[in-house]
Number of protein chains: 2
Amino acid sequence: MQNTEPLRRLNISEAVADTVRAMIVDGRLGPGERINEVRLSEALGVSRTPLREALSRLASEGALSATPAIGYSVRPLTVEEFEQVYAIRPLLDPEALRLAGLPSAAGLAKLEALNRRFIEAQDAETAITLDDDWHRALIAACPNKVLLEMIDAMILRTRRYEVALMRETPNRRVAGEDHERIMAALRAGDLPEACAALKHNMQTGFDPVVAWLTARAEAGAAA
Amino acid sequence: MQNTEPLRRLNISEAVADTVRAMIVDGRLGPGERINEVRLSEALGVSRTPLREALSRLASEGALSATPAIGYSVRPLTVEEFEQVYAIRPLLDPEALRLAGLPSAAGLAKLEALNRRFIEAQDAETAITLDDDWHRALIAACPNKVLLEMIDAMILRTRRYEVALMRETPNRRVAGEDHERIMAALRAGDLPEACAALKHNMQTGFDPVVAWLTARAEAGAAA
DNA sequence: CGACTCCATATTGTATACAGTATGCAAAAC
DNA sequence: GTTTTGCATACTGTATACAATATGGAGTCG
């Protein structure tokens, strides 16, 4: 007998997709970088066929861009696109929280623990991961799975830029206070207030990233 | 010198993805149907490699589901998922309209023409296409392209079920009146009112589809 | 000295071949 | 008659081979 959960796990192209996605998200493949299929497939120890299927998936997710007869390259997120993604999350996240309802005591404790670890995290990558996890845990009980998938896709899409900013200006005070305000409303049983605070967090929390990206774009177009 | 726009369109796997997507959307490949890669690749006149890349894309879009060692099958949309998708559109479409702003005279004329053709359309498929086009035209001026892409993806995802319903109960009066109410607000220069009417349209316009799907699911689980 | 052309090389796009696994039928056991 | 077991077949998963196109540099012309 096998476990009921990960019954089947033999899917190279899916595993490759996860690996390459991770390489993009954490910067081992930089924005704009071209993918050499032969080299990458050898590095991953697979042939080009499953790699290309993985690349095809990633292109349709928006992580890569495909140019005929030239190949795949890591799709750089422009400032505009970053702003556009973050103009959408204030619409989705608060609704997800509203549908999720007030958290259980255990759920609240988990949120508090994640936020503590977020504030105390040493490196930028861990901090962003914990921030993302906090937001996911906040809305995990939402029954609308499609909505959760969409939010998750947006988190992945913007992650590497948040990490980049956090490296340069590792200020976690504002985000931590936003989280605290939301949790306070949840503790008080005031769901609408929590949604409003979340919306505010989504609307303003990423202004520093946008500002940083803008400055960077103006400073060196060559970079 | 090259054109700035789409200079060449030689991409078999992308063309195949479009073709198969169309086959799914218009029902030539029914919900739950399994994909035989050899037969389908022969029918399309290509080999399995580009077909599989296309299938991989479609799986990541949610149109197909992939089971290891078994293959791809057309992903049936459950009633729950349909409801979830349509719980999201009232969040997105009104915001897109708000960002798009009031339409030009030409834009308004186009909307009116599309709505007339929608009401008068003979077959279900044409009607739904025109309805989709109307909604796309309504928000085409929205500068947030990410938002437009997300809405477009959701339209494609639900299309075949709308067509199926329209075939059985071809009532276009309610939708036509909803459209008319939105256009009236736009003519009057009242953008907030138009957004509110659009939100209402999105919240209630698909109740018949949900009701129909629910009845169908209860009636014959075998189908 | 700069720009252009042409060719060798590298890389992508597609097809085919092979291996591993599921599927369905037939025969046998209970 | 029902269930089980084994096998032949079909199909998917992956690797490899081949064709078409882009890329970069050397040589040449203005």
Side-chain angles (χ1 to χ4, degrees), chain A residues 1-21 23-24 29-30 32-61 63-75 222, chain B residues 1-21 23-24 29-30 32-76 222:
Chain A
M1 269 307 161
Q2 307 232 349
N3 284 339
T4 50
E5 269 312 302
L7 182 56
R8 42 192 151 61
R9 189 153 284 280
L10 288 167
N11 239 56
I12 291 194
S13 72
E14 203 154 328
V16 167
D18 291 344
T19 305
V20 177
R21 193 186 297 109
M23 292 175 75
I24 293 169
L29 289 172
E33 188 170 331
R34 271 179 64 176
I35 305 280
N36 184 313
E37 296 177 6
V38 175
R39 277 209 298 277
L40 185 53
S41 66
E42 283 171 356
L44 298 175
V46 298
S47 82
R48 280 176 62 213
T49 308
L51 171 62
R52 279 181 60 93
E53 287 181 13
L55 296 179
S56 184
R57 287 183 86 99
L58 293 172
S60 104
E61 286 176 18
L64 296 174
S65 97
T67 325
I70 290 179
Y72 294 91
S73 57
V74 180
R75 186 142 171 273
Chain B
M1 267 312 155
Q2 307 225 345
N3 281 340
T4 49
E5 273 309 303
L7 183 57
R8 44 180 127 62
R9 52 191 55 210
L10 285 169
N11 240 58
I12 290 194
S13 72
E14 203 153 330
V16 167
D18 290 343
T19 304
V20 177
R21 193 186 296 109
M23 291 175 75
I24 294 168
L29 291 172
E33 189 169 330
R34 272 178 63 174
I35 304 279
N36 184 313
E37 295 177 7
V38 176
R39 275 209 300 276
L40 185 53
S41 67
E42 283 172 356
L44 298 175
V46 299
S47 81
R48 280 177 60 211
T49 308
L51 171 62
R52 278 181 62 92
E53 287 181 14
L55 296 179
S56 183
R57 286 182 86 97
L58 294 173
S60 107
E61 287 175 19
L64 296 176
S65 96
T67 322
I70 290 181
Y72 294 91
S73 57
V74 179
R75 186 142 171 273

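Please read these numbers as outputs of a predicted model, since none were measured by experiment. In what follows, chains carry the letters A, B, and so on, assigned in the order in which the sequence lines appear, proteins first and then strands, with residues in each chain numbered from 1.
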**Fill in**
The bend of the helix from C/dC1-D/dG30 to C/dC30-D/dG1, taken between the axes of its five terminal pairs at each end and rounded to 10°, is 20°

**Message:** side chain to side chain contact (heavy atoms under 4.5 Å, CB included) for B/Thr49 and A/Arg52? Distances and angles first, verdict last.
**Reply:** CA-CA 10 Å; B/Thr49 308; A/Arg52 279 181 60 93; 5.7 Å; no

**Asked** To the nearest angstrom, how far is A/Glu33 atom CD from C/dT11 atom P?
**Response** 14 Å

**Prompt:** Quick one: does A/Arg34's side chain get under 4.5 Å of A/Ile70's, heavy atoms only?
**Reply:** yes

**Prompt:** By side chain to side chain donor-acceptor pair (under 3.5 Å), which residues pair with A/Glu14, not counting sequence neighbours?
**Reply:** A/Asn11

Give me, pair by pair, the N or O atoms of the protein and of nucleotides 7-11 of chain D that are less than 3.5 Å apart, along with how far apart they are.
residue, atom, partner, partner atom, Å
D/dC11, OP1, B/Asn36, ND2, 3.0
D/dC11, O5', B/Asn36, ND2, 3.4

**Complete:** With sequence neighbours left out, the residues meeting side chain to side chain donor-acceptor pair (under 3.5 Å) with A/Arg75 are A/Glu81

**Prompt:** Roughly how many Å is it from CG in B/Leu40 to P in D/dT12, rounded to a whole number?
**Reply:** 10 Å

**Message:** If you compare all heavy atoms of A/Gly32 against all heavy atoms of A/Ser73, which two are closest, and at what distance to 0.1 Å?
**Reply:** O-CB, 4.0 Å

**Fill in**
B/Arg57 meets the side chain to side chain donor-acceptor pair (under 3.5 Å) criterion, sequence neighbours left out, with none

**Message:** Pairing donors with acceptors under 3.5 angstrom, does anything connect the side chains of A/Ser56 and B/Ser56?
**Reply:** no

**Pairwise distance CG(B/Leu55) to OH(B/Tyr72) - rounded to 0.5 angstrom** = 5.5 Å

**Message:** Measuring from atom OG1 of A/Thr19 to atom CD1 of A/Ile24, what distance do you get when rounded to the nearest 0.5 angstrom?
**Reply:** 11.0 Å

**Request:** Round to a whole Å and report the spacing from CD of B/Glu53 to C1' of D/dT12.
**Result:** 16 Å

Close N/O contacts between protein and nucleotides 15-18 of chain D (under 3.5 Å):
residue, atom, partner, partner atom, Å
D/dA15, OP2, A/Ser47, N, 2.8
D/dA15, OP2, A/Ser47, OG, 2.8
D/dA15, N7, A/Thr49, OG1, 2.9
D/dT16, O4, A/Thr49, OG1, 3.3

**Item:** Heavy-atom closest contact (A/Val74 atom, A/Gly30 atom, distance)
**Value:** CB-O, 3.3 Å

